[in-house]
Every structure is written in structure tokens, then in C-alpha cells.
Protein chains: 2
Amino acid sequence: MASNPDAEIDHEGPVTPYRQLAEILKARIARGDWAEGRPIASETRLVQEYGIARTTVRRALDVLVEERVVWKVQGRGTYVGQPPAES
Amino acid sequence: MASNPDAEIDHEGPVTPYRQLAEILKARIARGDWAEGRPIASETRLVQEYGIARTTVRRALDVLVEERVVWKVQGRGTYVGQPPAES
DNA sequence: TTCCATTTGTTCGTATGTATA
DNA sequence: GTATACATACGAACAAATGGA
């Protein structure tokens, strides 16, 4: 059951913001907002877009990294998919 | 009430470093340390001078840009005043 | 043209303190 | 007491723009 990719963060509901964002981002990736191998919005951008703290955004991204939905490169960005195999 | 242009950063007080620096820089500009249209000290210089991180310096400068006290040009510097009107 | 140093721009990594539910 | 959220700060790496040699 996919969540709504256009949902906003609900600070009152039972689901914590970071889990909400994780679901939203997965839905946006599934919808094709960002293609495989391409960077998603930066943490700062997500902070502005969803009105939540960077630590909360990072927590959501941690979930996606754990689930191998995205991978991160310091100083570059967060990419859809999995990291390239080591040479 | 203007702040002291010769103040140093107090990491213990109630006012955060980036706000302190913003006030200090405004005081220095008001005093004439840097004239209208001229570049102020570089970010790296301010980092060394005040012993704070570049991200913190940039945060202080963001405040000054927002208040139209200075404007920045990538690759050149941060200038006192406002950007020249578009031709 | 090419190269290099300087300066601002962007992005993720890590840590701390405070507040709230 | 615990988990979550937010604001702030510092660190590191690299990109982009500028200007001069």
C-alpha cells in the first residue's frame, strides 16, 4: 500500500514526521520524480519543501538507505538506487 | 543600539555565534571598516579572524544579504551595499 | 590558451543542547 | 525515562566563477 506522493507532513497524527517523509519519498521515487541513478532533492531542499528540520530529513533518508532505495555520497547528493559495485 | 564592532564571539552566551557575527559585521560596516561598494573580508578570513566555522560565517552573511547590507558575487567576494541595477 | 590561486556555492557527515510528547 | 524533533555548530569535499600569470 503506497502512500500519497503529494502528501504533506502532519505533525499531529500518530505517524512520526520522519516515517511520513520516508513513505512520501518512496512514493515519489516510484512515481518517477527522480530516475534511477539520479540525485533526489538535497537535504536542504527537502527541509524547505516539507518544513521540517534537517535532522528529521536525514532520519528519513537513513530509512531509505537502509532499505537500499537510495545511497548517498558526501558532498554530492543522495541517489536513487544502489551504489555502483567497487572496481 | 549598535553592538561593539570589536567584540569577539562568545560561544557560551545566549546569543548564537552567527547572530553575534552578523551584528559585529554590521557594526564594522557602520564604523567604516569597509566602504560602500567595496568587498569585506573573505569568508576564509572571517573564519580565521573569529575562530568559527565557515558554515557559521556564511550563515551570518546570509543575514546581512537578507537585510541588504551586503551582496555577494561568486568567485569575487562579498560587497558592502546593494547590487548594481540590471542593465 | 592554459594554468593556478582565490572566493563563493553546494552538499553530506557529525555532534551538542533544548524542548516536547 | 525514551523517542522524536528542532536549531545550531563544526568538518570535509568538491563544484563553479573570477581574475591574473
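Note that the coordinates shown come from a computational prediction; the quantities given were computed from them, not determined experimentally. Throughout, a chain's letter reflects where its sequence line sits, starting with A, and its residues are numbered from 1.
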Does a nitrogen or oxygen in the side chain of [X] sit under 4.0 Å from OP1 or OP2 of [N]?
X	N	result
B:His11	D:dC10	yes
A:Tyr18	D:dT4	yes
A:Thr44	C:dT11	no
B:Lys72	C:dT7	no
B:Arg54	D:dG11	no
B:Thr78	C:dT8	yes

For nucleotides 16-21 of chain D, print each protein N/O atom paired with a nucleotide N/O atom at under 3.5 Å, atom names and distance only.
unit_1, atom_1, unit_2, atom_2, d
D:dA16, N3, B:Gln74, NE2, 3.0
D:dG19, OP1, B:Arg76, NH1, 2.8

Counting side-chain heavy atoms from C-beta on, which of [options] comes nearest to [X]?
X	options	value
A:Arg58	D:dA5, C:dG13, D:dG11	C:dG13
B:Thr16	D:dC10, D:dA9, D:dA5	D:dA9
A:Glu43	D:dT8, C:dG13, D:dT4	C:dG13
B:Thr56	D:dT4, D:dT8, D:dA9	D:dA9

Partner nucleotide, any strand, of C:dT2 [Watson-Crick/G-U, under 3.5 Å]: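 Result: D:dA21.
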Once you round to the nearest 0.5 Å, how far does [atom1] of [X] lie from [atom2] of [Y]?
X	Y	atom1	atom2	answer
B:Arg76	B:Ser42	CZ	OG	14.5 Å
B:Ile52	B:Arg59	CD1	CZ	11.5 Å
A:Arg28	A:Asn4	CZ	CG	11.0 Å
B:Thr56	B:His11	OG1	NE2	8.0 Å

Take the protein atom [atom1] of [X] and the nucleotide atom [atom2] of [N], then report the distance between them rounded to whole Å.
X	N	atom1	atom2	answer
B:Tyr79	C:dT7	OH	P	10 Å
B:Leu46	D:dA9	CG	P	15 Å
B:Asp62	D:dA7	CG	P	16 Å
B:Arg19	D:dA7	CZ	P	11 Å
A:Arg59	D:dC6	CZ	P	10 Å
A:Ile40	C:dT11	CD1	P	12 Å
B:Glu12	D:dT8	CD	P	17 Å
B:Trp71	C:dT8	CH2	P	12 Å

Residue pair B:Tyr18 / B:Leu61, side-chain heavy-atom distance below 4.5 Å: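 A side-chain contact under 4.5 Å is absent here.
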Sugar-phosphate only, base, or nothing, as touched by A:Arg45 at under 4.0 Å among non-hydrogen atoms: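 The answer is nothing, as A:Arg45 stays clear of every strand by at least 4.0 Å.
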Sugar-phosphate, base or nothing in reach of B:Leu61, heavy atoms under 4.0 Å: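 Since no nucleic acid heavy atom lies under 4.0 Å of B:Leu61, the category is nothing.
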Backbone N/O of B:Glu23 and side chain of B:Ser3: donor-acceptor pair under 3.5 Å: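 Side chain of B:Ser3 to backbone of B:Glu23: a pair is present.
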Any donor-acceptor pair under 3.5 Å from B:Trp71 side chain to B:Gln82 backbone: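 Side chain of B:Trp71 to backbone of B:Gln82: a pair is present.
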Residue whose closest nucleotide on DNA chain C lies nearer the 5' end, B:Thr55 versus B:Ser42: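 Nearer the 5' end of the strand: B:Ser42.
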B:Gln20 and B:Asp10: CA distance, side-chain angles, deciding distance, side-chain contact (heavy atoms from CB on, under 4.5 Å) verdict: CA-CA 8 Å; B:Gln20 291 179 50; B:Asp10 173 15; 3.7 Å; yes
